[in-house]
Each structure stands twice: as structure tokens, then as C-alpha cells.
Amino acid sequence: MTAQSAPESWEHTRRVIVRNALSIGLAVATYGVSFGALGTTSGLTVAQTCALSILMFTGGSQFALVSTIAAGGTGMAGIAAATLLGTRNAAYAMRLGPILNSTGFSKIVASQLTIDESTAMALAQDETTFEGRASRLGFWATGLSVFVLWNLATLLGALAATTIGDPKTFGLDAAIAAGLFALVWPQIKTKTHVIVACGAALIALATTPILSPGLPVLAASIIAFVFGYAQRNEPT
Amino acid sequence: MWTTILIASGACFVLKWLGGVIPREWLEKPVVGHITKLLPIALLVALVTVQTFAHGKSLTIDARVPALGASMVALKLKAPFIVVVVVAAFTAAVLRHFGLFN
């Protein structure tokens, strides 16, 4: 993913993408175990916990819903928190639409698989290499890998009602951040991208103490609107 | 509880689906095109920042910070993705094991 200077064969590119998709799936799965355990210890049944991972399938929203209910919040408050955190997936879907070009049933599946990791992996590939096949494989391989592993992990955690150990002990919290960072890195190509990236980081830091967890990421999106609007007279 | 789960999941799915059914002509307007290209960068960078520095509503410097630093070095050295991820996990795990960072 990082060394893209030399022309690679499709076989090689395909193998690298699939391997990367599996490794990010494994790192994310450790949090699936935590989610499963949190679900059943918060009073949800095993079936309800697993249903969230299958039907909602967006980690931030799932944790928000279950934590709100565990803290004594109403169902409405839980729904509001989950929905608000899910809005960034709408922005991802807008960006991925022209790349994936899915229709019918595959569009429905693609929608469900639109999450941080699959979007980051798709956009980390050059959109023009192999007529966009690399981007599409990045999306589908990562989406499916995370879906399968996240759901297996949720079931495991829900049944055991205890985490196998704190994922932090193994540094897995840092692994997920580093993985996403490695995927955004190749997307930052122009001076505007650098400014948007730095601005987003600063807004996220500045708003963390004042906003509920999850919202600083949404607040940071304002920088994309500002700079996108400023470039309105330039061709895309 | 089931009602809450189904409504919230439905809402999350609709958000994912809505973004994908926006007409192509609308996405091709320069202003929309620029914004949709910048949005994932802003969102993902903000996510990485929060995952590295936030602990609930407070900002902390713990093992995640040097771990991200180590992974940046690995990226600069053009290490493969899996190496970048493992370097971060290993750095954080070792620092925590020896009690150097939280």
C-alpha cells in the first residue's frame, strides 16, 4: 500500500489488499469481543447483542446505544446517539458511490458494509489503477472481513460475557488507530489535504472536552465543508 | 429493547444507503465533489486523533501516542500495512507492560 511507485501485477496487488483486509479485520474483532461482553453485561440478551452487530454494523453507534442504555438512558436517547454517530457513514457512501458503481442487491450489501475501515481501505488505493478494481477490492475485502470477524467476535464475547483480556494490554487500541492512519496517509496528496487533515485533528482535540464522545469527529467535518466550498470554482 | 435495536439499526442503515443513492449529476457539481472528496480525509484523521488522544471527554498522553509515532516512522520507511499495525500494537503493549505509559 505504501510502495506504489513501481507498477505491480494485479495478482500482487490483490494479495496485498486481501492480507491487509484480514489484518484490520482481526484488530477490529478484538473490540467485537468487548462489544459482545458489554452487551450481555448491560442486560441485553445474546441474540439482541448479536443482532446489533449484524443489523447496525457500525461500531461507534453500537457502543453508543449499549452504553446509553447501560447508563440508564431511554431507548430514544440510545437511538439518537447511535444515529448521530452513524451520520459519517453517509458521507463515506457519497464518496464511495462512483467508485463502487453497485446496483440492486449488491448496492444494499455495499451500504451495510460502508464503515470507517472499508472506506479507508478503498480510498487508500489509487482510483485509476486496474480501472478502479483495487479500490473496489479494498472496499469489499475489508467490509466482508470486518463483517464476518466482528460478528463472530461479538457472539464469542456475548457468550463468555467477559473479555478474553483487555485489548489494550496487547496494544490493539493503538493498532486500530495506526491502521486507519496508514490508510489515510496515501490520501493526503495536496496542500489543501494537509490543511484539512491538520484542521480536522485540531478541531477533534479542541472539542473532545466539551462534546460527547463521538461528536468531535463529526465536528471536524466542518473543515471539509469550508475548504470544499472555497474550491467551488475549481474543477474536481 | 428489540424495538430500540430495530429502529436504531434501521436509521444507521438508511444513513449508509442514502449517501449511495444521491444522483450522479448532483455529485458532479464541483462544490459537492470537492466536499465529498475532503470529508473522508477530515473524518478519518479526526477519528485517528480521538483514538490516540481521547479518554472519554479528557485528553491524555498514554502509550497510544508513542505507538502512533512509531507507526509513522514505519510508514515513512515504506513498511507494509501489516508491519505498521504490528509496530503500533507492539510499542503500546511493551510500554504498558513495563509501566512506562498507561
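These values consider heavy atoms only, across backbone and side chains, with no hydrogens, waters or symmetry-generated copies. To find a chain, count down the sequence lines: A is the first, B the second, and so on, and within it residues start at 1. As the structure is a prediction and not an experimental result, all values here were calculated from the model.
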Option in [options] with maximal non-hydrogen atom pairs under 4.5 Å from chain B:
options	result
A:A204, A:A90, A:A81, A:S23	A:A90
A:G43, A:A177, A:A91	A:A177
A:I203, A:L172, A:I115, A:D173	A:D173
A:A175, A:G199, A:G86, A:S102	A:A175
A:N89, A:I79, A:I54, A:N233	A:I79
A:P213, A:A201, A:A82	A:A201

Within-4.5 Å side-chain heavy-atom neighbours: [X] and [Y]:
X	Y	answer
B:H34	A:T192	no
A:I24	B:V85	no
B:K57	A:I210	no
A:L183	B:L44	no
A:P98	B:R24	yes

Contact class of [X] relative to chain B, heavy atoms under 4.5 angstrom:
X	result
A:E234	both
A:L65	side chain
A:T83	both
A:L96	neither
A:A47	both
A:L100	neither
A:S212	backbone
A:P235	backbone
A:L211	backbone

If you count heavy-atom pairs under 4.5 Å with chain A, which of B:H97, B:R64, B:R96, B:E28 comes out on top?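 That would be B:R96.
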For chain A, the option from B:T36, B:T91, B:T52 that forms the most heavy-atom pairs under 4.5 Å: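 Counting heavy-atom pairs under 4.5 Å, the top option is B:T36.
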Restricting to non-hydrogen atoms, name the atom on [X] and the atom on [Y] that form the minimum distance, rounded to 0.1 Å.
X	Y	result
B:K16	A:M56	NZ-O, 3.1 Å
A:T208	B:S58	CG2-O, 4.2 Å
A:A220	B:A46	CB-CB, 3.5 Å
A:A174	B:A88	O-CB, 3.8 Å
A:A224	B:I35	O-CG1, 3.9 Å
B:A93	A:F170	CB-C, 3.7 Å

Give a yes or no on this: more than 12 heavy atoms of other residues, nucleotides or ligands lie within 6.0 Å of atom [atom1] of [X].
X	atom1	answer
B:F101	CZ	yes
B:M1	CE	yes
A:L202	CG	yes
A:I222	CD1	no
A:N101	CG	yes

Rounded at 0.5 Å granularity, tell me how far [atom1] in [X] sits from [atom2] in [Y].
X	Y	atom1	atom2	answer
A:F181	B:L75	CZ	CG	6.5 Å
A:L84	B:L15	CG	CG	9.5 Å
A:Q112	B:C12	CD	SG	9.0 Å
A:L205	B:F53	CG	CZ	6.5 Å
B:I41	A:R95	CD1	CZ	8.0 Å
B:I5	A:T45	CD1	OG1	7.0 Å

Is there a side chain to side chain contact (heavy atoms under 4.5 Å, CB included) between A:Y92 and B:L43? Walk through the geometry before answering. CA-CA 9 Å; A:Y92 294 154; B:L43 290 167; 3.8 Å; yes
Show your working on side chain to side chain contact (heavy atoms under 4.5 Å, CB included) between A:M94 and B:L39 and close with a plain yes or no. CA-CA 10 Å; A:M94 278 175 72; B:L39 266 176; 5.7 Å; no
Given 3.5 Å as the limit, does a donor-acceptor pair link the side chain of A:K107 with the main chain of B:G20, or not?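 Checking the backbone N and O of B:G20 against the side chain of A:K107, a donor-acceptor pair under 3.5 Å is found.
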[X] portion near chain A, given a 4.5 angstrom heavy-atom threshold:
X	result
B:L47	both
B:L18	neither
B:V65	neither
B:L27	side chain
B:S9	both
B:L6	side chain

Salt-bridge contact B:D62-A:K168 (side-chain N to carboxylate O under 4.0 Å):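 Answer for the salt bridge query: no.
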Please lay out, stage by stage, how A:T114 and B:W17 fare under the test side chain to side chain contact (heavy atoms under 4.5 Å, CB included). CA-CA 9 Å; A:T114 301; B:W17 178 78; over 6 Å; no
Tell me, with the steps shown, if A:W185 and B:K76 meet side chain to side chain contact (heavy atoms under 4.5 Å, CB included). CA-CA 10 Å; A:W185 185 254; B:K76 272 277 175 205; 4.3 Å; yes
